[in-house]
Amino acid sequence: MTRDDLAGSVVVVARDLIGCTIRHGDTAGTIVETEAYHESEPASHAYVGRTARSVTLFGRPGTAYVYFSYGMHALLNVVCEREGVGAAVLIRALEPIDGIGVMRERRGLVRDEDLCSGPGKLTQALGIGLELNKTDLFDGPIRLGPPAGPRPEVLVGTRIGITKAPELLWRFAAAGSRHISRPWPPGAREALEAA
DNA sequence: CATGGGATTGACT
DNA sequence: GTCAATCCCATGC
């Protein structure tokens, strides 16, 4: 997963990020769930154009967009598409790889499948806060890495927790993972490619 | 300057 | 299943 890869279509990138890794300090995990957001649809923060918050989304692909949600959670996104286009992939869940002990301390939990099974949970587990907004994912404190093993089969479904453009099939997850944020809804389609 | 919504989570019925 | 916590940010007056 190179910076050039991230410059492509945000929906394709969201699917291709499944299986890649995120590392911060001694903690790391495999991406098992993502969602795509693009300036052309109203659920995206970039839909309203460039504002103090959304300006990050229009920046260089491979930049981290970290924003504050519901007064208590930092959510991590990977900025995608070419510079000037507002688009990003929300990282919704990880399967823990390294630093599980630290994650348990930060989360106050024991079960591995609860440590990073949500966009707010994984930032807490990895110690990712708003101060990391606009940092570079190839040359910064948070590192995006290539898949460690073979690509998993990828499921496709509709995005979670939004009220606008709910029909888009822009949510992706590793098939069979026990570390995703919410059970896959009945009737969701299954992606054919694993590549 | 005041207001209201939100890409969530955890606790509770 | 429902709901409150909590605060940044976008919008409107």
Side-chain angles (χ1 to χ4, degrees), chain A residues 6 9-15 17-18 22 29 31-59 61 63-81 85-96 103-135 137 142 144 155-174 177-186 188:
Chain A
L6 298 181
S9 161
V10 70
V11 179
V12 173
V13 173
R15 185 194 65 202
L17 280 174
I18 300 296
I22 294 285
I31 298 171
V32 294
E33 184 181 346
T34 62
E35 285 176 359
Y37 289 87
H38 187 269
E39 63 180 29
S40 62
E41 47 87 16
S44 170
H45 292 168
Y47 184 67
V48 296
R50 293 176 192 250
T51 63
R53 173 171 66 166
S54 71
V55 64
T56 309
L57 292 168
F58 294 85
T63 303
Y65 170 52
V66 185
Y67 80 97
F68 204 51
S69 176
Y70 289 96
M72 56 184 88
H73 303 292
L75 271 54
L76 172 66
N77 296 251
V78 178
V79 172
C80 294
E81 307 222 355
V85 177
V89 172
L90 171 68
I91 307 301
R92 283 195 59 90
L94 305 176
E95 178 176 341
M103 292 185 187
R104 287 199 181 111
E105 282 181 30
R106 287 172 176 158
R107 297 269 302 125
L109 288 172
V110 176
R111 294 173 60 211
D112 286 4
E113 56 268 38
D114 292 329
L115 292 176
C116 299
S117 57
K121 296 177 184 179
L122 70 91
T123 55
Q124 184 186 17
L126 270 65
I128 294 172
L130 298 183
E131 72 279 2
L132 297 177
N133 187 37
K134 300 185 183 180
T135 59
L137 293 169
I142 310 170
L144 174 64
L155 302 179
V156 182
T158 55
R159 296 177 294 182
I160 301 277
I162 54 168
T163 57
K164 299 162 187 167
E167 74 284 357
L168 296 176
L169 293 167
W170 283 11
R171 181 189 179 208
F172 303 91
S177 175
R178 296 187 302 277
H179 302 267
I180 63 175
S181 64
R182 310 214 355 216
W184 214 251

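We name chains A, B, ... by the order of the sequence lines, and we start the count at 1 in each one.
Residue T51(A) has its side chain nearest to dA10(C) when only dA10(C), dA7(B), dT8(B) are considered. The nucleotide whose nearest atom lies closest to any side-chain atom of Y37(A) is, among dT9(B), dA7(B), dA10(C), dA7(B).
Side-chain nitrogen and oxygen atoms of R53(A) include at least one within less than 4.0 Å of the OP1 or OP2 phosphate oxygen of dA10(C). Between T163(A) and dG6(B) there is a side-chain N or O to OP1 or OP2 distance below 4.0 Å. Contact annotation: S69(A) side-chain N/O to dT8(B) OP1/OP2 distance is not under 4.0 Å. Taking 4.0 angstrom as the limit, R92(A) places a side-chain polar atom (N or O) nearer than this to OP1 or OP2 of dT8(B). Put simply, K164(A) has no side-chain N or O that comes within less than 4.0 Å of OP1 or OP2 on dG5(B).
Consecutive pairing runs in DNA chain B reach the stem threshold at B:1-6 with C:7-12, B:8-12 with C:1-5, where a stem means at least three Watson-Crick or G-U wobble pairs with distances under 3.5 Å.
There is a side-chain donor-acceptor pair under 3.5 Å between H38(A) and S40(A). With 3.5 Å as the limit, one finds a donor-acceptor pair spanning the side chains of Q124(A) and R107(A).
Between dA2(B) and dT6(C), the distance separating the two P atoms is 22 Å to the nearest Å. As rounded to the nearest Å, dA7(B) and dG1(C) have C1' atoms that lie 22 Å from one another.
Between the side-chain ring of F68(A) and the base of dC8(C), no stacking contact exists by the 5.5 Å and 30° definition.
In this structure, the side chain of T135(A) engages the main chain of L132(A) through a donor-acceptor pair within 3.5 Å. Between the side chain of E39(A) and the backbone N or O of A46(A) there is no donor-acceptor pair closer than 3.5 Å. Checking side-chain atoms of S181(A) against main-chain N and O of A93(A) turns up no donor-acceptor pair under 3.5 Å.
Residue R159(A) contributes atom CZ, which lies 16 Å from atom C1' of dT8(B) at whole-angstrom precision. Regarding K121(A), its NZ atom lies at a distance of 13 Å from the C1' atom of dA11(B), rounded to whole Å.
Interatomic distance, CZ of R159(A) versus CZ of R92(A), reported as 11.0 Å (0.5 Å rounding).
When side chains are defined from C-beta on, E33(A) counts as touching R171(A), because their heavy atoms get closer than 4.5 Å.
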